[in-house]
**Student:** 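The structure follows.
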2 protein chains.
Amino acid sequence: MLAIMKEIPDRLTIGELSARSGMAASALRYYEELGLISSTRTAGGQRRYARATLRRVAFVRAAQQVGLSLDEAREAMARLPADRAPNAREWSRVARRWESRVEERIAELQRLKERLGGCVGCGCLSLQKCRLYNPGDQAAERGPGARHLIEDVPLSS
Amino acid sequence: MLAIMKEIPDRLTIGELSARSGMAASALRYYEELGLISSTRTAGGQRRYARATLRRVAFVRAAQQVGLSLDEAREAMARLPADRAPNAREWSRVARRWESRVEERIAELQRLKERLGGCVGCGCLSLQKCRLYNPGDQAAERGPGARHLIEDVPLSS
DNA sequence: CTGCTACTTCAAGTTCGCTTGAGGTCAAGG
DNA sequence: CCTTGACCTCAAGCGAACTTGAAGTAGCAG
């Protein structure tokens, strides 16, 4: 041959997958246990991964960045083929869901940032009398979850 | 101004703090153990919190949203007074740090979103041959951390 | 004073996402 | 064939962030 085409094997050992994905082998075994990725075995029982697994692992990492648990990632990936690249329909279905998730997360952080900067910017630096940003301290009543950054008692009287 | 200023007690029981902050009492005790908040005790040994503690708790929650650990939150709060509202200098010092943290996080998510949408948008839906988004699979060499969303082997040959 | 609820401590348990270690096997280069 | 390093399983451990439970006490209303 002109060049060696064998350099990129199409079944990866766990060590290779680990090196390429940047995940520890132990983590990959763990992912497999959870059903996030899968492998075939050699006669001797060693794992061999399809190259597409690399994509799945990357997917998992990305999912975690967005704040998904491994369980949610598995669920999301259930819609993607395990052994080949996803096609248009498959991918866009998943991507759309993700995008909204990412956007939500971004929006949340932006609100946070506004409050953070807001109190500095609006001149009420003591944070004590800024009704704009501290509309009472009833926040708890709205249940756990989104809440004012700085909540405090309203001006008594 | 001559009216009763006493309706809102200035020392809160753990139950009151819990109700107002939305955090479980057990979590508040835990925070105290970690040094995130502090209390004085009654003669009988029960905790009483200053109202400013409400703000600290909110601060911790916000810190977590930004992705800080409780330890990091404690560190950040070390620059804020425990028992009164922070003044301009104190607050802006902390807020600035936070803002950059929040902005980083937002930027990270926005990059993710672009990649996500990019692969759908650029027409290379198979994700297999999109050099634009998959510049090789050397990502692992850059160590654990930021990495392409979808990494895969470059076109062999 | 009685009774009740909210509080106290301390130890142990829980979930998530892994890592570590022991003890053993496989696969490939020399 | 032999050695060596990469792999195997299984159980246990870890750190973060809490929660739960048991056993007892505080503080307030009536």
Side-chain angles (χ1 to χ4, degrees), chain A residues 4 6-7 9-49 53 56-77 140 143-145, chain B residues 6 9 11-49 53 56-77 140 143-145 147:
Chain A
I4 331 89
K6 241 211 107 196
E7 256 157 7
D10 59 39
R11 310 281 324 167
L12 306 170
T13 65
I14 197 169
E16 288 161 342
L17 183 58
S18 166
R20 289 184 169 220
S21 67
M23 298 292 300
S26 60
L28 295 173
R29 286 193 202 98
Y30 179 63
Y31 285 178
E32 195 170 335
E33 199 182 321
L34 296 190
L36 287 159
I37 58 178
S38 63
S39 64
T40 54
R41 300 297 183 112
T42 62
Q46 298 198 353
R47 289 174 178 82
R48 289 297 124 84
Y49 294 99
T53 308
R56 285 180 83 87
V57 174
F59 196 101
V60 172
R61 293 187 57 93
Q64 286 182 303
Q65 291 234 338
V66 189
L68 298 186
S69 67
L70 293 182
D71 237 54
E72 291 172 305
R74 184 166 39 71
E75 209 186 303
M77 285 199 305
Chain B
K6 232 194 117 195
R11 312 284 322 171
L12 306 170
T13 65
I14 197 169
E16 287 162 344
L17 183 58
S18 167
R20 288 183 170 219
S21 68
M23 298 292 299
S26 60
L28 295 173
R29 285 191 202 100
Y30 179 63
Y31 285 179
E32 196 170 333
E33 198 181 324
L34 296 190
L36 287 158
I37 57 178
S38 63
S39 62
T40 54
R41 300 298 184 112
T42 61
Q46 297 198 355
R47 289 172 180 82
R48 288 299 180 274
Y49 295 99
T53 309
R56 285 179 83 86
V57 173
F59 197 101
V60 172
R61 293 187 57 94
Q64 286 181 303
Q65 290 232 338
V66 187
L68 299 185
S69 66
L70 293 183
D71 237 52
E72 292 172 304
R74 183 165 38 70
E75 211 186 302
M77 283 198 306
R147 192 165 276 122

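In the text below, chain A, chain B and the rest are named by the order of the sequence lines, each starting its count at 1. Values in this document were obtained by computation on a predicted structure and should not be read as measured data.
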**Student:** On a heavy-atom basis, which atom in R56(A) and which in L36(A) lie closest, and how many Å separate them?
**Tutor:**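 Minimum heavy-atom contact is NE-O, 3.1 Å.
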
**Student:** Name all residues meeting the side-chain hydrogen bond (donor to acceptor under 3.5 Å, both in side chains) criterion together with T42(B); count only those two or more places apart in sequence or in a different chain, and write none if there are none.
**Tutor:**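 side-chain hydrogen bond (donor to acceptor under 3.5 Å, both in side chains) check on T42(B) returns nothing, list empty.
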
**Student:** Within the structure, does a side-chain N or O atom of R47(A) lie under 4.0 Å from either OP1 or OP2 of dC7(D)?
**Tutor:**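 Answer is no, no contact under 4.0 Å.
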
**Student:** Nearest 0.5 Å, please: how far is CG in L28(B) from CD1 in I37(B)?
**Tutor:**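 I37(B) atom CD1 to L28(B) atom CG measures 5.0 Å (nearest 0.5 Å).
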
**Student:** Distance under 4.0 Å to a non-hydrogen atom of chain B counts as contact; along DNA chain C, which nucleotides mark the start and end?
**Tutor:**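 Endpoints of the contacted stretch of DNA chain C: dC7(C) to dT9(C).
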
**Student:** Produce a footprint string for nucleotides 11-30 of chain D: one letter per nucleotide, 5' end first; B if the base is under 4.0 Å from any protein heavy atom, S if only the sugar-phosphate is, - if neither.
**Tutor:** ------BBBB-----SS---

**Student:** Looking at residues at least two apart in the chain, or sitting in another chain, which of them share a side-chain hydrogen bond (donor to acceptor under 3.5 Å, both in side chains) with Q46(A)?
**Tutor:**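 Listed in chain order: R48(A).
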
**Student:** Taking side-chain hydrogen bond (donor to acceptor under 3.5 Å, both in side chains) as the test, write out the residues that go with S38(B), two or more places apart.
**Tutor:**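 Expected list: none.
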
**Student:** Would you please name every residue forming a side chain to side chain contact (heavy atoms under 4.5 Å, CB included) with S39(B), sequence neighbours left out?
**Tutor:**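 Partners of S39(B) under the side chain to side chain contact (heavy atoms under 4.5 Å, CB included) test: E32(B), R41(B), R47(B), Y49(B).
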
**Student:** Quick one: list whatever passes side chain to side chain contact (heavy atoms under 4.5 Å, CB included) with S69(A), sequence neighbours left out.
**Tutor:**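 So S69(A) forms a side chain to side chain contact (heavy atoms under 4.5 Å, CB included) with D71(A), E72(A).
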
**Student:** Quick one, T53(B) with L12(B), criterion side-chain contact (heavy atoms from CB on, under 4.5 Å). Give me CA distance, side-chain angles, the key distance, then yes/no.
**Tutor:** CA-CA 9 Å; T53(B) 309; L12(B) 306 170; over 6 Å; no

**Student:** Figure out the CZ/P separation between R41(A) and dC8(D), and round it to whole Å.
**Tutor:**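 In whole Å, dC8(D) P and R41(A) CZ are 6 Å from each other.
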
